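Working notes, structure below.
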Amino acid sequence: MTETLSPRPQTDPIATPAETLLAWYDRNRRRLPWRAEPGRRADPYHVFLSEIMLQQTTVKAVGPYFSAFLTRWPTVADLAAAPLDQVLSAWAGLGYYARARNLHACAKAVVARHGGRFPADEAALRDLPGIGPYTSAAIAAIAFDIPASPVDGNIERVVSRLHAIATPLPKAKTEIRQRAAALTPRLRAGDFAQAMMDLGATICTPRSPVCGLCPLDAGCTARALGTPSLYPVKTPKTAKPARTGIAFLAVRADGAVLLRTRPDTGLLAGMTEVPSTPWSRAEEVPASPAAHAPLPATWRALPGQVLHVFTHFALDLAVWRAELPAQTAAPTGHFWVRPADFGTQALPSVMRKVLVHGGIQAAITTSRAR
DNA sequence: GATACGTGGAA
DNA sequence: TTTCCAAGTAT
């Protein structure tokens, strides 16, 4: 009688994979800043903020940014009321800056459409800016315990190994989503999703998975085949093209540096940058780069260059520096910023590298660096 | 469906 | 040094 009311032990031969995994999760869950205490539901705003930050980004990198954002904007209404440029400067260094713009737009939409409370509905979440199929399912499951089935890179890997799916990604996504949904329990769907992610992050890792510690190892086809690290199969990636350019570092006698704002679409949209030539393929370098300088000056090429790898190309930037008198006015579209005020700017990592290369210290202050 | 979109750490 | 990758989304 009573034993039918107790959770099945992990060794129960008729336990489902979800039951086995949840039992493992109850003993091995990671403690993360955005997670609630065991048995409690996390704040939807915390789940939202962490999920956006964690897109294609490591837990380690997100940590300080999550804390900084939560301190500065404790509620979604606070975030919605913030100026976009403050959100961008707080995000600087974390990458994929469209996320920050969408984060802000989403906060405003939650206030406008939903009275400042995240909807407990996967489809309504999916309609918000920056929230796609993964994030809507993750928030629904984790914040509201709705039996949704988020599929991130971890879960793709775990599921593709459990079933030894030979179809390469991204073609296999449909099958993986179906398999993941079939595993998802009606109860504790949020814990199940986080358990799958924890398993993928700590046991079922991309390289050298620790199958000997895996709670699902008895039911894993890839493990049975002896080749877990072969999954998921992926289509080969194309090589990154190289681009090159020259950054113009104008330094005023009072120490201020000449900067400008990038266009609000495309790469590093709306972020602050050191003015430069266009970034082009090596064979298309402008004949007279000085024509692209923001103002007339005695430009001197600094030794070395700044190398930075974006998602889809590698950038090799030379830095030319010029010293200007203290009263020099900023050309149209440009502005002077003292290093002490860099913290107010949305300076992406590549531009901090340019500033450091050009001998401007104080350029290394981001949430990441702190 | 393919491509654009950052960054820094690990092997 | 090079490659891969980390809780994806928008177009």
Side-chain angles (χ1 to χ4, degrees), chain A residues 30 32-35 42 46-66 88 91-103 105-106 125-143 148-158 168-174 177 180 190 193-202 205-208 229 232 234-241 243 262-263 265-271 273 307-315 346-353 364 366-369:
Chain A
R30 288 181 293 173
L32 299 170
W34 41 87
R35 284 187 175 170
H46 297 188
V47 177
F48 157 71
L49 183 58
S50 66
E51 289 298 343
I52 301 298
M53 288 183 166
L54 286 162
Q55 290 169 5
Q56 300 290 287
T57 308
T58 58
V59 166
K60 179 171 181 287
V62 165
Y65 285 85
F66 178 80
L88 287 177
W91 194 279
L94 199 54
Y96 282 145
Y97 298 100
R99 291 185 296 172
R101 306 170 76 82
N102 286 143
L103 179 87
C106 184
L125 289 164
R126 176 70 181 80
D127 282 338
L128 294 165
I131 296 186
Y134 163 76
T135 304
S136 57
I139 297 174
I142 297 170
S149 177
V151 178
D152 72 334
N154 286 306
I155 297 177
E156 273 184 356
R157 185 170 58 254
V158 171
L169 287 171
K171 198 176 195 305
K173 281 180 180 290
T174 302
R177 272 195 290 270
Q194 293 176 95
M196 289 283 277
M197 295 185 227
D198 280 12
L199 188 71
T202 64
T205 50
R207 288 172 283 217
S208 309
S229 59
K234 296 188 176 182
T235 51
K237 299 174 180 174
T238 57
K240 291 183 201 296
R243 294 192 201 176
R262 291 180 61 87
T265 57
L267 184 71
L268 305 174
M271 303 294 286
E273 71 172 357
L307 305 175
H308 190 80
V309 181
F310 293 97
T311 308
H312 52 299
F313 68 93
L315 179 63
L347 282 168
S349 291
V350 61
M351 292 303 154
R352 291 181 188 275
K353 286 186 188 178
I364 45 176
T366 63
S367 290
R368 186 189 295 277

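Here is how names work: the chains are called A, B, and so on, in the same order as the sequence lines, proteins then strands, and each is numbered from 1. Keep in mind that what you see is a predicted model, and the values were worked out from it rather than measured.
- Within 4.0 Å of P133(A), counting heavy atoms only, lie sugar-phosphate atoms of the nucleic acid but no base atom.
- In terms of heavy atoms, Y96(A) sits closest to W91(A) at O-NE1, 4.0 Å.
- The CD-P distance, from Q56(A) to dA4(B), rounds to 15 Å in whole Å.
- Using a 4.0 Å heavy-atom criterion, one finds that V62(A) contacts no nucleic acid atom at all.
- For dG8(B), the base has no donor-acceptor partner in the side chain of T58(A) [N/O atoms by modelled type, under 3.5 angstrom].
- Within 6.0 Å of NZ in K171(A) there are 12 or fewer heavy atoms belonging to other residues, nucleotides or ligands.
- Rounding to the nearest 0.5 Å gives a distance of 9.0 Å between CZ of R30(A) and CE of M197(A).
- Residue K237(A) is in sugar-phosphate contact alone, with no base atom involved, counting any heavy-atom pair closer than 4.0 Å across all strands shown.
- Nearest heavy-atom pair, V151(A) versus A180(A), reported as atom, atom and distance to 0.1 Å: CG2-CB, 3.8 Å.
- Nearest-nucleotide positions on DNA chain C for K240(A) and G153(A) put K240(A) closer to the 5' end.
- Contact check, K60(A) against dT7(B): no side-chain N or O comes under 4.0 Å of OP1 or OP2.
- Counting to the nearest Å, the P atom of dA6(C) and the CG atom of L169(A) are 12 Å from each other.
- For the OP1/OP2 pair of dT9(C) and a distance below 4.0 Å, the side-chain nitrogens and oxygens of T135(A) include at least one atom meeting the criterion.
- Between the CE atom of M197(A) and the C1' atom of dA6(C) there is a distance of 13 Å, rounded to whole Å.
- Atom P of nucleotide dG6(B) and atom CG of L88(A) are separated by 11 Å, given to the nearest angstrom.
- Residue I139(A) is classed as having no contact, given no heavy-atom separation below 4.0 Å to the nucleic acid.
- Among the heavy atoms of the strands lying under 4.0 Å from G266(A) are primed sugar atoms or P, OP1, OP2 only; no base atom is included.
- When the P atom is used for both dC5(B) and dA6(C), the distance is 23 Å, rounded to whole Å.
- Among the heavy atoms of the strands lying under 4.0 Å from I131(A) are primed sugar atoms or P, OP1, OP2 only; no base atom is included.
- Although no hydrogens or angles enter the test, the distance criterion places a donor-acceptor pair under 3.5 Å between the side chain of R99(A) and the main chain of L94(A).
- The CG-P distance, from L347(A) to dT7(B), rounds to 11 Å in whole Å.
- Nearest-nucleotide positions on DNA chain B place P170(A) closer to the 5' end than the other of Y97(A) and P170(A).
- For the pair L315(A) CG and dA4(B) C1', the interatomic distance rounds to 16 Å; values are reported in whole Å.
- Inspection of the Y134(A) and E51(A) side chains reveals an N or O donor paired with an N or O acceptor under 3.5 Å.
- Looking at heavy-atom distances under 4.0 Å, I52(A) makes no contact with the nucleic acid at all.
- Atom P of nucleotide dA6(C) and atom CD of E156(A) are separated by 11 Å, given to the nearest angstrom.
- Annotation: H312(A) is not in aromatic contact with F310(A) [ring centroid separation under 6.0 Å not met].
- Judged by closest nucleotide on DNA chain C, L32(A) is the one of L32(A) and N102(A) placed further toward the 5' end.
- Between H308(A) and dT7(B), a side-chain N or O to OP1/OP2 separation shorter than 4.0 Å is present.
- An OP1 or OP2 oxygen of dG8(B) is reached within less than 4.0 angstrom by a side-chain nitrogen or oxygen of S349(A).
- Using a 4.0 Å heavy-atom cutoff across all strands shown, P129(A) reaches sugar-phosphate atoms only and no base atom.
- Put simply, H312(A) has no side-chain N or O that comes within less than 4.0 Å of OP1 or OP2 on dT3(B).
- Taking atom CE on M351(A) and atom C1' on dG6(B), their separation rounds to 12 Å, with Å as the unit.
- Regarding contacts with the backbone of dA6(C), every side-chain N or O of Y96(A) stays at 4.0 angstrom or more from both OP1 and OP2.
- For dA6(C), the OP1/OP2 oxygens have a side-chain nitrogen or oxygen of R157(A) closer than 4.0 Å.
- The residue W34(A) sits close to a base: some heavy atom pair falls under 4.0 Å.
- Comparing the same atom, P, in dG6(B) and in dT3(C) gives a spacing of 22 Å after rounding to whole Å.
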